[in-house]
Undergrad: 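Supplied in structure tokens, the structure appears directly below.
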Amino acid sequence: QVQLVESGGGLVQAGDSLKLTCTTSTRSFSSYAMGWFRQAPGQEREIVAAVGWTSTVTYYADPVKGRFTISRDNAKITVDLQMNSLKPEDTAVYYCAAGRTLSQRASGYEYWGQGTQVTVSS
């Protein structure tokens with residue numbers, strides 16, 4: 001069982017930056033691809049960014065390209081999501097997920113955190 005815990009969410013203004021961190025207890029962290037997803041009220045959960053077993057392979061959803069950066073530290077067993085130039089439409093609950101391979105689909109991930117709220121005011 002892999003436990004994931006997100007932190008770093010909060011209320012910011014448009015244009016601000018925020019960094020989310022996902023920590024895990026698993027010793028096999030380096031064998032998992034990691035993803036960040038988000039879900040706004042009344043909407044489906046969507047991929048934000050994902051990273052393979054190392055930081056050399058990454059994926060970004062079009063709405064966040066050039067603004068968000070995903071990175072992982074296998075020594076610290078954490079994965080970060082640096083979010084810059086935040087927009088009101090980035091408001092959502094952000095979830096960290098772990099899976100055996102990098103996927104753009106939520107169904108491709110086996111383990112999920114509880115989520116952290118990000119609210120961007122205009």
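Residues: numbered from 1 along the sequence shown.
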Undergrad: Is there a chain of hydrophobic side chains (I, L, V, M, F, W, Y, each step under 4.5 Å between heavy atoms) that links L18 to F37?
TA: no
Undergrad: Just verifying a value: how many Å separate S30 OG and D73 CG, rounded to the nearest 0.5 Å?
TA: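 Between atom OG of S30 and atom CG of D73 there are 11.5 Å.
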Undergrad: Would you say that more than 12 heavy atoms from the other residues, nucleotides or ligands in this model lie under 6.0 Å from the CD of E89, or not?
TA: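 Yes - once you tally the heavy atoms of other residues, nucleotides and ligands closer than 6.0 Å, there are more than 12.
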Undergrad: Measure from the side-chain N and O atoms of T91 to the backbone N and O of V120, and report whether any donor-acceptor pair falls under 3.5 Å.
TA: yes
Undergrad: Give a yes or no on whether Y94 and V12 share a hydrophobic cluster (residues Ile, Leu, Val, Met, Phe, Trp, Tyr; joining criterion: side-chain heavy atoms under 4.5 Å apart).
TA: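 Y94 clusters together with V12.
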Undergrad: Surrounding CD of Q117 (heavy atoms of other residues, nucleotides or ligands, distance under 6.0 Å), is the total greater than 12?
TA: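 Counting neighbours around CD of Q117, more than 12 heavy atoms of other residues, nucleotides or ligands fall under 6.0 Å, so yes.
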Undergrad: Kindly give the heavy-atom pair with the smallest separation between I47 and A61, and that separation in Å.
TA: O-CB, 3.4 Å
Undergrad: My understanding is that only residues two or more places apart in sequence, or in another chain, count here; which of them pass side chain to side chain contact (heavy atoms under 4.5 Å, CB included) with T69?
TA: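 Counting only residues at least two positions away or on another chain, T69 forms a side chain to side chain contact (heavy atoms under 4.5 Å, CB included) with Y60, Q82.
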Undergrad: Taking side-chain hydrogen bond (donor to acceptor under 3.5 Å, both in side chains) as the definition, give me every residue that meets it alongside S85, ordered by chain and number, with sequence neighbours left out.
TA: none
Undergrad: Can you establish whether the number of heavy atoms outside Q114 located under 6.0 Å from its atom CD is more than 12?
TA: no
Undergrad: For E110 and G99, indicate whether the former's side chain and the latter's backbone hold a donor-acceptor pair under 3.5 Å.
TA: no
Undergrad: Hey, could you give me the SG/CZ distance between C22 and R72, rounded to the nearest 0.5 Å?
TA: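 Interatomic distance, C22 SG to R72 CZ, rounded to 0.5 Å: 10.0 Å.
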Undergrad: Is V64 linked to L20 within one hydrophobic cluster, defined over Ile, Leu, Val, Met, Phe, Trp and Tyr using a side-chain heavy-atom separation of less than 4.5 Å?
TA: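 They do share one cluster, since a chain of ILVMFWY contacts under 4.5 Å joins V64 to L20.
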Undergrad: Of all the heavy-atom pairs spanning P88 and A14, show the shortest one and how long it is.
TA: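 For P88 versus A14, the nearest heavy atoms are CD-CB, 4.1 Å.
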Undergrad: Return the CZ to OH distance between R100 and Y111, rounded to the nearest 0.5 Å.
TA: 6.5 Å
Undergrad: Side chain of E6, backbone of C96: donor and acceptor closer than 3.5 Å?
TA: yes
Undergrad: Does W53 sit in a hydrophobic cluster with other residues, and if so which ones, taking ILVMFWY side chains as linked at heavy-atom separations under 4.5 Å, directly or through other members?
TA: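 ILVMFWY cluster around W53 holds nothing else.
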Undergrad: Excluding sequence neighbours, so at least two apart, what forms salt bridge (charged side-chain N to carboxylate O under 4.0 Å, His left out) with R67?
TA: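 Expected list: D90.
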Undergrad: Would you say W36 and Y95 are hydrophobically clustered, going by side-chain heavy atoms of ILVMFWY under 4.5 Å?
TA: no
Undergrad: Compare every heavy atom of Y109 with every heavy atom of A50, then report the nearest pair and how far apart it is.
TA: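 Looking at all heavy atoms of both residues, the shortest contact is CB-OH, 3.5 Å.
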Undergrad: From F68 CZ over to L86 CG, what is the distance, rounded to the nearest 0.5 angstrom?
TA: 5.0 Å
Undergrad: Using the test salt bridge (charged side-chain N to carboxylate O under 4.0 Å, His left out), find all partners of E46 that sit at least two apart in sequence or belong to another chain.
TA: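 Here the qualifying residues are R38.
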Undergrad: Say you draw a straight line from NZ of K87 to OG of S122; how long is it, rounded to the nearest 0.5 Å?
TA: 14.0 Å
Undergrad: Considering all heavy atoms of both residues, which atom of L102 and which atom of G52 are nearest to each other, and what is their separation?
TA: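 In this case the closest contact between L102 and G52 is CD1-N, 3.5 Å.
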Undergrad: Within this structure, what is the CG-OG1 distance for the pair L11 and T119, rounded to the nearest 0.5 Å?
TA: 6.0 Å
Undergrad: Among all residues two or more places apart in sequence or in another chain, which pass the side chain to side chain contact (heavy atoms under 4.5 Å, CB included) test with T24?
TA: V2, L4, T26, F29, I77
